[in-house]
Every structure is written in C-alpha cells, then in structure tokens.
Protein chains: 2
Amino acid sequence: MLTVKEAATQLNMSEHTIRYYTDQGLVPSVQRDKNNHRIFDQSALNWLQGCHNLRLTGMSIENVKHYVDLCLQGKKTIPERYQLIEVQYQHAQQQLKDAQNRIRFLERKKQLYEAELNSDSADVLNPDTWPNIKVCPNKTK
Amino acid sequence: MLTVKEAATQLNMSEHTIRYYTDQGLVPSVQRDKNNHRIFDQSALNWLQGCHNLRLTGMSIENVKHYVDLCLQGKKTIPERYQLIEVQYQHAQQQLKDAQNRIRFLERKKQLYEAELNSDSADVLNPDTWPNIKVCPNKTK
DNA sequence: GCTCGACTTCGAGTAACCCGAAGGAACTAG
DNA sequence: CTAGTTCCTTCGGGTTACTCGAAGTCGAGC
C-alpha cells in the first residue's frame, strides 16, 4: 500500500498529476485510509500506469475516462475497448517515427557543430550550420 | 515563396502555430508581401521546421527563441548552441525509449483483447484483461 | 459592384497540469 | 505536553502553447 509520494516515485509521475487523475475518476481502485489519505495497491498502480500510457499516446483525459468506464462495464465493451487501443497503437507508432526523425535532425545538427568546433580555420563559414540568416522584422508596426 | 497555408501543408503544422511562431520571433527570415501577408522561402521553412523539432523534444518556446537569438549572433555562440542541441538530443533519445515502452504496453493490451474476441468460451474471464476491477468512491463527501 | 477565399490582428478560451496557501493528523525530540 | 517536522488534504488561481473566432482588408473572377 503506497502513498501518493511513493506512487509518484515508482511510476515517475508528479504527485500533482496523480491526485489529478484520481480526482478525475481514472483510478477506480484507489482507496483512502482513516486519515482520508489516498493509498495505492497494485491494482491502483496499474490503472495509473495504464492511464498515463494512454495520455502519453495523445488520448485526452476525457477519453481515458471513457475507456476506464468501459472497463468497469465488463466484457461486453471489449470490442469498443479494442478499437480505442488500436487507435492509440497507431498514434504510438507515429510517435515513434516522429521521435526517430527528430533524433536524425539533432544528429545532423550536432555533427555540423562538432565540425565547426574542431575546425582550426575558425573563419571558414559553414553555411549549413543554420540556413541563411537574414534578419527582418516580423511584425508590421 | 509559400503562403501560411502552403507552409502549413508542407511542414504538417497548423496555420495558427505557424503564425504564432513567426510572431514570437522564431523565424528571422520570414518576409511580408505588399499585402502584409507572410511569405516563406526555403530558409524560413527551415527555421520553422527546426524550431518545431526543438519544441517537440520538449524545449520551451522561450528557449527556442534563445537558441534562435544565439544563431543570429554568429559563430561565437556555437559552443553554447552545441550544448543546447546536445541536451535536446538526450531528451529525444528518452522520448524514443518512452515511445517504445508505450508500444509494448499497447501491444500487450491488444493481444489480450484479441484473445478475448476470438475465444469461443465467452464466459471464461481473463483476469489480466485489466487489473482487478474494484469500484470505490474517489472523493470523500 | 459583389462575392469569394485567403489573409490579417487581437483577445478570449482551452487542456492538462502546476503551484502554493491553509489546515489537519501523526510521529519524534526535548 | 508542547514544538517541530513531514506527510497529507482541498481549493483556487496561474502557466504554457496553442486554438479558435470575430472583424476587417485585399485582390481575383463573374
């Protein structure tokens, strides 16, 4: 049985977020002790973790809540739940690709900077370090 | 030379976001035509894309702006820029790992649901479809 | 001249936290 | 027994990065 703080440490979430999720009804199995403090068993931790994962794939709090509610309604909602998971799975795949693209982008930048840093001829301008720099006003006054 | 809408299509960003970025000074090379409409050349597109990438690795608008300002100050800021890029590179690596973890999570869920959907014995409860469901109040009244 | 569509600015709205104040139990030391 | 510390509680306002919509301008086509 863990406190908010312990759960936050274990799941790598902020205490604020955990309270927020429980208040939103995303964690059906959370209990309170005699001091009205939230206490988390393994089931509650699993819900938290699951909801967090769904959030991180771009599902809104509202839709996560809907999914949780479906779970509570029993096996008859499995087809709909499967659909929802499938959609988020596609999102997650896209996120993976996006992350890979960003890594490539940053790797290229790093390499350009490394080349600049190691070059003795500090005056040779590498025009590709960043595209043509042409300053101009952004706002019309 | 592209309009806001065309740039949005090409870079897969919303028009709103593009205007927001230009207004925040993240795109030094953006120009205006005689009707005061923003027009984007290749350089402006590159800045937009680059800023977007930095944002998506978790850099705040404020810090992206700082980075852009450093770029405009010339080669002497390259060491600091390199540091900033390196930090975001680490973030991007972490994001990749997180995305992979989420995919594994969703794959497991999908498999469990698929098993449920294909099982003839619809009454056999698979307790692992979602952890112990125990409904209880979340708020003390 | 009129409508259409794409652009402009600007101010307000939104989601999902995030923070901090104010207060209540429970433990620990003196 | 009191004081201090540490954890928790609720609650309301703040923040970031968009996101939206209203109201207006401009040039092209009919």
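In what follows, every heavy atom counts, from backbone to side chain, and hydrogens, waters and symmetry copies are set aside. Just so we're on the same page: letters track the sequence lines, and every chain starts at 1.
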Any residue meeting side-chain contact (heavy atoms from CB on, under 4.5 Å) with [X], in chain and number order, not counting sequence neighbours:
| X | answer |
| --- | --- |
| B:Gln83 | none |
| B:Asn101 | B:Arg104 |
| B:Glu6 | B:Leu2, B:Thr3 |
| A:Lys110 | A:Glu114, B:Tyr82, B:Ile85, B:Glu86, B:Tyr89 |

Among the nucleotides [options], which one has an atom lying closest to any side-chain atom of [X]?
| X | options | answer |
| --- | --- | --- |
| A:Asn36 | D:dT9, C:dC7, D:dC7 | D:dT9 |
| A:Thr3 | D:dC8, C:dC7, D:dT9 | D:dC8 |
| B:Ser60 | D:dA17, D:dC8, D:dC18 | D:dA17 |
| A:Lys5 | C:dA16, D:dC18, D:dC8 | D:dC8 |

Counting only side-chain nitrogens and oxygens, does [X] get under 4.0 Å of the OP1 or OP2 atom of [N]?
| X | N | result |
| --- | --- | --- |
| B:Tyr21 | D:dC18 | yes |
| A:Arg55 | C:dC17 | yes |
| B:Arg38 | C:dC7 | no |

Tell me: [atom1] of [X] to [atom2] of [N], nearest whole Å?
| X | N | atom1 | atom2 | answer |
| --- | --- | --- | --- | --- |
| A:Tyr20 | D:dC11 | OH | C1' | 15 Å |
| B:Asp33 | D:dA28 | CG | P | 12 Å |
| A:Glu6 | D:dC8 | CD | C1' | 12 Å |
| B:Leu26 | D:dC18 | CG | C1' | 13 Å |
| A:Met59 | C:dA16 | CE | P | 12 Å |
| B:Gln31 | C:dC7 | CD | P | 17 Å |
| B:Ile61 | D:dT15 | CD1 | P | 17 Å |
| B:Gln24 | C:dC10 | CD | P | 13 Å |

Item to check | Contacts of A:Lys5 that satisfy salt bridge (Lys or Arg N to Asp or Glu O under 4.0 Å) - sequence neighbours left out | outcome: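 A:Lys5: no salt bridge (Lys or Arg N to Asp or Glu O under 4.0 Å) contacts found.
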
Next on the checklist: Applying salt bridge (Lys or Arg N to Asp or Glu O under 4.0 Å), can you list everything that pairs with A:Arg19, at least two apart in sequence or on another chain?
Outcome noted: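 With sequence neighbours excluded, A:Arg19 shows a salt bridge (Lys or Arg N to Asp or Glu O under 4.0 Å) to A:Glu15, given in chain and number order.
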
Which protein N or O atoms sit under 3.5 Å from an N or O of nucleotides 23-25 of chain C?
residue: C:dA25; atom: O3'; partner: A:Asn35; partner atom: OD1; Å: 2.9

Next on the checklist: Going by side-chain contact (heavy atoms from CB on, under 4.5 Å), A:Tyr67 matches just one of A:Arg81, A:Glu62, A:Glu80. Which one?
Outcome noted: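 When A:Arg81, A:Glu62, A:Glu80 are each tested with A:Tyr67, the side-chain contact (heavy atoms from CB on, under 4.5 Å) holds only for A:Arg81.
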
Item to check | Close approaches to DNA chain C from residues 12-19 of chain B, in residue order (heavy atom, under 4.0 Å) | outcome: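 B:Glu15, B:Arg19, in order of number.
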
Next on the checklist: Give me the atom names and distance for the closest heavy-atom approach of B:Ser14 to B:Ala8.
Outcome noted: C-CB, 4.2 Å

Item to check | Side-chain heavy atoms of A:Phe40 within contact of A:Gln10, under 4.5 Å | outcome: no

Checklist entry - For residues 94-103 of chain B, which residue pairs qualify under salt bridge (Lys or Arg N to Asp or Glu O under 4.0 Å), counting only residues two or more places apart or in two chains? => result none

